[in-house]
Amino acid sequence: MPISPSPIAFGEAAVATTIRLGRPDGDAAQIRLDWERHALAAAAGNDGIYDWDLRSDRIYYSPILLSLFGLTETDMGDRPESWLRRVHPDDLIWLQATLDAQANCGGKPFQIEFRFRHGNGDWHWMLCRGLSVLDAAGEPVRIVGAQTDITEHKLAKEQLRQSEERYALAALGANDGLWDWRIPEGDVFYSARWMEMLGLPGGERTGRIEDWIDLVHPEDRSDLESAVRLHLAGGSDHLEREVRVRHTSGAERWVLIRGVAIREANGAAVRMAGSMTDITARKRAEQQLLFDAFHDGLTGLPNRSLLLDRISQALDRRLRPGDPHHALILLDLDHFNTINDSLGPLAGDQVLRVTAQRLQQTRQPGDTVARIASDEFAVLVSDASDTKAALAVAQRVAAALAAPITLSRGETIVLTISCGISLSDSGYTNAGDMLRDASLAMVRAKAAGRNRIEMFDRALHDQAIARLRMETDLRQALDNQELRLVYQPIVRFSDRRIAGFEALIRWQHPQRGLIGPAEFVPLAEETGLILGIGRWAMMEAARRLALWQQSFDPTLFVSVNVSARQMLDDDVVSLVRDVLLNSGVPPSALRLEITESLLMDDPNRCAGIMQQIRDLGVSLSLDDFGTGFSSLSYLHRYPVSTLKIDRSFVRATGAGDRRAAIARLITLLAEAMDLDVVAEGIESEAEADYLGSLTCQYGQGYFFSPPVPDTEAEAMLARQAMPATGQALKSSPQAS
């Protein structure tokens, strides 16, 4: 059937005219050439051609269209139903209506998208374009056109829509402001939230990029511009910068700017879009955290970490010729715990704040004042030419702090301080070493009576090293079985026979030999090692006593010293119970010796613990009685059974000293309170005779025997048990 040679386009654009059938006006060869061109154009565009003959109700599908459908010619057939039944039900009504309109009266070229069930069972999106072919009477006789598979395009479009939707929702949820910069024009679109963030009036608007840059803080502007240029040039995957911007109120805001460039095929950036987030609260929190990390929360002063950093900087500068020396003054408030205990922690905090204020007022420009511990402060003096200059600063600080402080509750207190000083001219290269040495000097000032200033010297360092070495060795001493017990006899005056022993601890050091308790027990107390050592000593003494009771005398007793740390920090009641259970000695044979000063540390708690021990049947002895601080009126509160007269009073009895009367008064007091008395440190016959004449039941000292190893103590008991030699123990020249 001849048709008009007017072109029918099956490519990207829809045909703009309606085709009419009639007598050909052109050459048949030209017609064939036009059709070939159209077919080639359709093939090049991957379009599938269809031709629906409305009179025969048959449809022709080109091979390309059949391949787009994923069907063969046999599968598809040539009936319209084979096409339409594969259209998605939701799209069929619109496609059918469009085709019916063309079949009934023709009209303008049409274009419609629909989903088609592909031969593999998947739904594919098809773009169908076409137009009616009319006969000479103007009636539609064919519908011809092309179809294209646009599934990938639809999926990409949907993904883009979802991505844009997600981004919009995320930006809305994050409360971000959006911006979109058209680079060639220099115009930037700003969202309403962006405008609101900077306090700008109105909603969204378009402005110049320069107006935005002008709002950025001058110190951050060059960095932001450099980052933008780098990204536009392809040097970074995206833009991300934190900058300060100026709010219309004049306030400064921190914002996080993010963005990414959109580029042409040659890589040139033509557009850049992103977001702006207000991070002012986070930046302020970070700044506060940074401040808190290096400052004391109570006083606002630099803390230990910042002080060490300042010392390090000072030492680094000192390496340059001509820079001044520095001095580090470390000071401790004397008896600060007394303020806390008596007036309460709030009063203590007020004292610390006043101290910090006064130190700040006395410092010179360039100096650093820091609080490095509870009641320890430091002053790093930036210019201290010599010891004299450092001492002058320390004395000025001490004088300023000595001014009376009136607390909010009305109490007035006066502070004194113990100071330690180290100087940078000692050749320090490490800040910690300088702080350590100032601390050593401060400790010496406290040990020397407080309220004084001490300079660091090398001897202090040597002592500290020796102490550290001893502490390390002491921690291993118990495990290595280096500790020993020696036993000093306690003699009854009535018959001069051994009634018991006092167990005393010694340390058999592998290199230094035998070390006495005065050298290592205070260190053990301070470090807490005394708890393990004390447990071992009590267990070992009770075990040895059990053997001697079985072999020699079931009435023997042993006295063991209990330190303040053991009494208050350890479960000493459980320990005593375990010792009695494991050793088998009767409770009356175990005596625990405590000092008078212990009773003053925590009187009520001590009284309770002591009563629990007495309830177990174990005796308690008050050691060095008369030398401590407890009043005699307190004595009745504590369940002690024995008083030990200190050796200073015993020595006075043999020398005719007036203090000899104190020994007699103690025995009279003990007799009135039904307490036993042990006199220690007896070194002469005269002392033994005098004390024996009083109501003093027991004595011990070198006159009878020095402390001896367990083997020698056992030998003494063996000799005492022999009828020929067991008359009395008068004196012994041996020492340990």
Side-chain angles (χ1 to χ4, degrees), residues 1 3 7-19 32 34-134 140-162:
M1 181 183 295
I3 62 172
I8 303 176
F10 295 103
E12 290 294 322
V15 175
T17 59
T18 300
I19 302 299
R32 284 197 304 271
D34 289 341
W35 273 107
E36 287 175 0
R37 288 172 180 164
H38 296 323
L40 289 171
N46 200 27
D47 288 347
I49 298 172
Y50 68 93
D51 185 353
W52 185 359
D53 187 334
L54 298 177
R55 292 174 178 174
S56 64
D57 203 22
R58 295 285 193 271
I59 299 180
Y60 164 77
Y61 304 100
S62 71
I64 293 178
L65 183 56
L66 290 173
S67 68
L68 293 179
F69 286 163
L71 298 170
T72 66
E73 187 175 358
T74 303
D75 294 332
M76 194 65 181
D78 60 359
R79 305 297 294 183
E81 291 80 7
S82 61
W83 172 20
L84 298 177
R85 69 169 173 261
R86 286 181 170 271
V87 177
H88 195 284
D90 293 344
D91 304 334
L92 178 60
I93 185 173
W94 303 109
L95 177 62
Q96 187 71 62
T98 301
L99 295 175
D100 287 348
Q102 293 291 325
N104 290 330
C105 59
K108 296 180 180 180
F110 69 89
Q111 177 173 300
I112 188 170
E113 296 175 358
F114 61 87
R115 284 162 288 181
F116 183 85
R117 185 177 295 280
H118 192 269
N120 63 11
D122 295 336
W123 289 107
H124 281 219
W125 277 97
M126 305 299 293
L127 171 63
C128 178
R129 291 167 290 187
L131 76 167
S132 298
V133 178
L134 307 180
V141 293
R142 293 163 62 194
I143 299 175
V144 295
Q147 296 189 39
T148 305
D149 190 327
I150 61 170
T151 303
E152 292 185 1
H153 171 73
K154 291 289 288 187
L155 290 176
K157 188 175 180 180
E158 177 63 18
Q159 289 173 355
L160 178 61
R161 185 194 65 78
Q162 292 178 358

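Each residue takes its place number in the sequence, starting with 1.
- The minimum heavy-atom distance linking F69 with H118 is given by the pair O-CD2, 3.5 Å.
- Listed by chain and residue number, nothing satisfies the ring pair (Phe, Tyr, Trp, His ring centres under 6.0 Å) test with H153 (two or more places apart in sequence, or in another chain).
- Of all the heavy atoms in L99 and L84, the pair that sits closest is CD1-CD2, 4.1 Å.
- Residues passing the side chain to side chain donor-acceptor pair (under 3.5 Å) test with D90, sequence neighbours excluded: none.
- Identified under the side-chain hydrogen bond (donor to acceptor under 3.5 Å, both in side chains) test for residues 67-77, with sequence neighbours left out: T72-D75.
- R86 places a side-chain N or O within donor-acceptor distance of the main-chain N or O of R117, the cut-off being under 3.5 Å.
- When side chains are defined from C-beta on, D47 counts as touching T148, because their heavy atoms get closer than 4.5 Å.
- Within the cation-pi definition used here (under 6.0 Å to the ring centroid, within 45° of the axis), R142 does not qualify as a partner of W52.
- Legend: residues meeting salt bridge (charged side-chain N to carboxylate O under 4.0 Å, His left out) with D122, ordered by chain and number and at least two apart, are absent.
- Qualifying ring pair (Phe, Tyr, Trp, His ring centres under 6.0 Å) partners for W94, counting only residues two or more places apart in sequence or in other chains: none.
- Q111 contributes atom CD, which lies 11.0 Å from atom OG1 of T98 (distance to the nearest 0.5 angstrom).
- Partners of W83 under the side chain to side chain donor-acceptor pair (under 3.5 Å) rule, at least two apart in sequence or in another chain, do not exist in this structure.
- Looking at residues two or more places apart in sequence or on another chain, you find a salt bridge (charged side-chain N to carboxylate O under 4.0 Å, His left out) between E113 and K154.
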Run the side-chain contact (heavy atoms from CB on, under 4.5 Å) test on M76 and L66 for me, step by step, so that the C-alpha distance in whole Å, both residues' side-chain angles and the decisive distance to 0.1 Å come before the verdict. CA-CA 8 Å; M76 194 65 181; L66 290 173; 3.7 Å; yes
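- E152 CD: 12 or fewer foreign heavy atoms inside a 6.0 Å radius.
- Residue I93 holds its CD1 atom at 10.5 Å from CG of D100, rounded to the nearest 0.5 Å.
- Evaluation of the side chain to side chain donor-acceptor pair (under 3.5 Å) rule for T151 yields D149 as partners, not counting sequence neighbours.
- Residues passing the salt bridge (charged side-chain N to carboxylate O under 4.0 Å, His left out) test with D78 are R58, sequence neighbours excluded.
- The only member of W125, F116, W123 that meets ring pair (Phe, Tyr, Trp, His ring centres under 6.0 Å) when paired with H88 is W123.
- Every residue two or more places apart in sequence or in another chain that forms a side-chain contact (heavy atoms from CB on, under 4.5 Å) with S62 is listed here: I49, Y60, I64, L65.
- A donor-acceptor pair under 3.5 Å is formed between the side chain of Q102 and the backbone N or O of S132.
- Closest heavy-atom contact between G77 and Y61: O-CE1, 3.5 Å.
- Between V144 and L131 the shortest side-chain heavy-atom distance falls below 4.5 Å.
- Residues satisfying the salt bridge (charged side-chain N to carboxylate O under 4.0 Å, His left out) criterion with R115, sequence neighbours excluded, are D91.
- Closest approach of P80 and I59 over heavy atoms only: CA-CD1, 3.6 Å.
- Of all heavy-atom pairs between C128 and F110, the closest is SG-CE1, 3.9 Å.
- Minimum heavy-atom separation, Y50 to A146: CE2-N, 3.4 Å.
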